[in-house]
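Inspection log for the structure reproduced underneath, given as structure tokens.
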Amino acid sequence: MSAGADEVAGADDPRGDVEPAAVETLLGAPVTRSRGQMVLHPDRDGYLGLVEQLRAAGYWVCVDLCGVDYLGHAGGRWLPDGVAAERFEVVTNFLNHLERSRIRIRLQVPEDDPTVASLFHLHPGVQNAERETYDLFGIRFEGHPDLTRILLPDDWEGYPLRKDAPSGRIPVQFKGAPAA
């Protein structure tokens, strides 16, 4: 015997057969909340347009930009309906001084094409944060004026903050200790 559509829809819902609430959106992006802060979840095609709209709405300061690798942990994070979890995520935080409010963007970035539009032309202060994210995670920012390594030597192979990167080891010689 197969379950009907109504039974499947309410199977995991503790409220029974109540229709799920519509996903809240802002400027076309799904919205969640984290510790009182609004979090937007755009797709990669809408990322740059969303940041432009936020800037026009008074979010003039990009406070932070960083990368996250969810290798082996893709199922352990909550995303709104319609947003597919990817291995990488670019997280940006914006500040609106006039309204004294913050907004965070969590952008899913696939492992097979870790490329995101650069925010440099809108927020020049992200230049080094984008370089650092590229240097440590291998996420490329299209349109960045100088996407080169910033923390590691130019001849470094790989991206050390990826969870599948091999652990490195640098031998340390303590003063006065016999050499190994």
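Note that the numbering runs from 1 along the sequence shown for the chain.
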Are [X] and [Y] connected, step by step, through hydrophobic side chains (Ile, Leu, Val, Met, Phe, Trp, Tyr) whose heavy atoms are closer than 4.5 Å?
X: Val39; Y: Val109; answer: no
X: Leu27; Y: Val51; answer: yes
X: Leu71; Y: Leu79; answer: no
X: Val90; Y: Leu147; answer: yes
X: Tyr134; Y: Tyr70; answer: no

Within-4.5 Å side-chain heavy-atom neighbours: [X] and [Y]:
X: Leu48; Y: Leu122; value: yes
X: Glu86; Y: Pro110; value: yes
X: Glu132; Y: Asn128; value: no
X: Pro30; Y: Leu40; value: no
X: Ile139; Y: Tyr159; value: no
X: Leu136; Y: Leu152; value: yes
X: Glu24; Y: Arg33; value: yes

_Looking at Asp112 and Arg87, is any side-chain nitrogen of the basic one under 4.0 Å from a carboxylate oxygen of the acidic one?_
no

_Determine whether Arg102 and Asn96 satisfy the following criterion, side-chain contact (heavy atoms from CB on, under 4.5 Å), listing intermediate values before the conclusion._
CA-CA 6 Å; Arg102 293 176 177 260; Asn96 181 328; over 6 Å; no

Rounded to the nearest 0.5 Å, what's the gap from [atom1] on [X] to [atom2] on [Y]? Could you check?
X: Phe141; Y: Leu119; atom1: CZ; atom2: CG; answer: 7.5 Å
X: Leu50; Y: Asp45; atom1: CG; atom2: CG; answer: 12.5 Å
X: His41; Y: Thr25; atom1: NE2; atom2: OG1; answer: 12.5 Å
X: Cys62; Y: Glu130; atom1: SG; atom2: CD; answer: 8.0 Å
X: Ile105; Y: Leu54; atom1: CD1; atom2: CG; answer: 5.0 Å
X: Leu65; Y: Asn93; atom1: CG; atom2: CG; answer: 9.0 Å

Return yes if some donor-acceptor pair links the side-chain N/O of [X] with the main-chain N/O of [Y] below 3.5 Å, else return no.
X: Arg44; Y: Leu107; answer: no
X: His144; Y: Gln127; answer: yes
X: Gln108; Y: Glu89; answer: no
X: Lys163; Y: Asp69; answer: yes

_Charged tip of Arg162 within 45° of Phe137 ring normal and under 6.0 Å_ = no

If you compare all heavy atoms of [X] against all heavy atoms of [Y], which two are closest, and at what distance to 0.1 Å?
X: Thr32; Y: Pro80; answer: CG2-CD, 3.8 Å
X: Thr133; Y: Cys66; answer: OG1-CA, 3.7 Å
X: Ile150; Y: Asp135; answer: N-OD2, 3.1 Å

*Please, which pairs that meet side-chain hydrogen bond (donor to acceptor under 3.5 Å, both in side chains) have at least one residue in residues 49-65, sequence neighbours excluded?*
Tyr59-Ser101

_Could you check whether Ser118 and Glu142, counting side-chain N and O atoms only, form a donor-acceptor pair closer than 3.5 Å?_
no

*Enumerate the residue pairs fulfilling ring pair (Phe, Tyr, Trp, His ring centres under 6.0 Å) with a member in residues 83-121, sequence neighbours excluded, ordered by first and then second residue.*
Phe94-His123

_Evaluate Gln37 against Arg104 for side-chain hydrogen bond (donor to acceptor under 3.5 Å, both in side chains), listing each step before the verdict._
CA-CA 7 Å; Gln37 185 178 52; Arg104 181 182 323 148; 2.5 Å; yes

*Could you go through the side-chain contact (heavy atoms from CB on, under 4.5 Å) check for Ile103 and Leu26 one step at a time?*
CA-CA 11 Å; Ile103 284 186; Leu26 176 68; 4.2 Å; yes

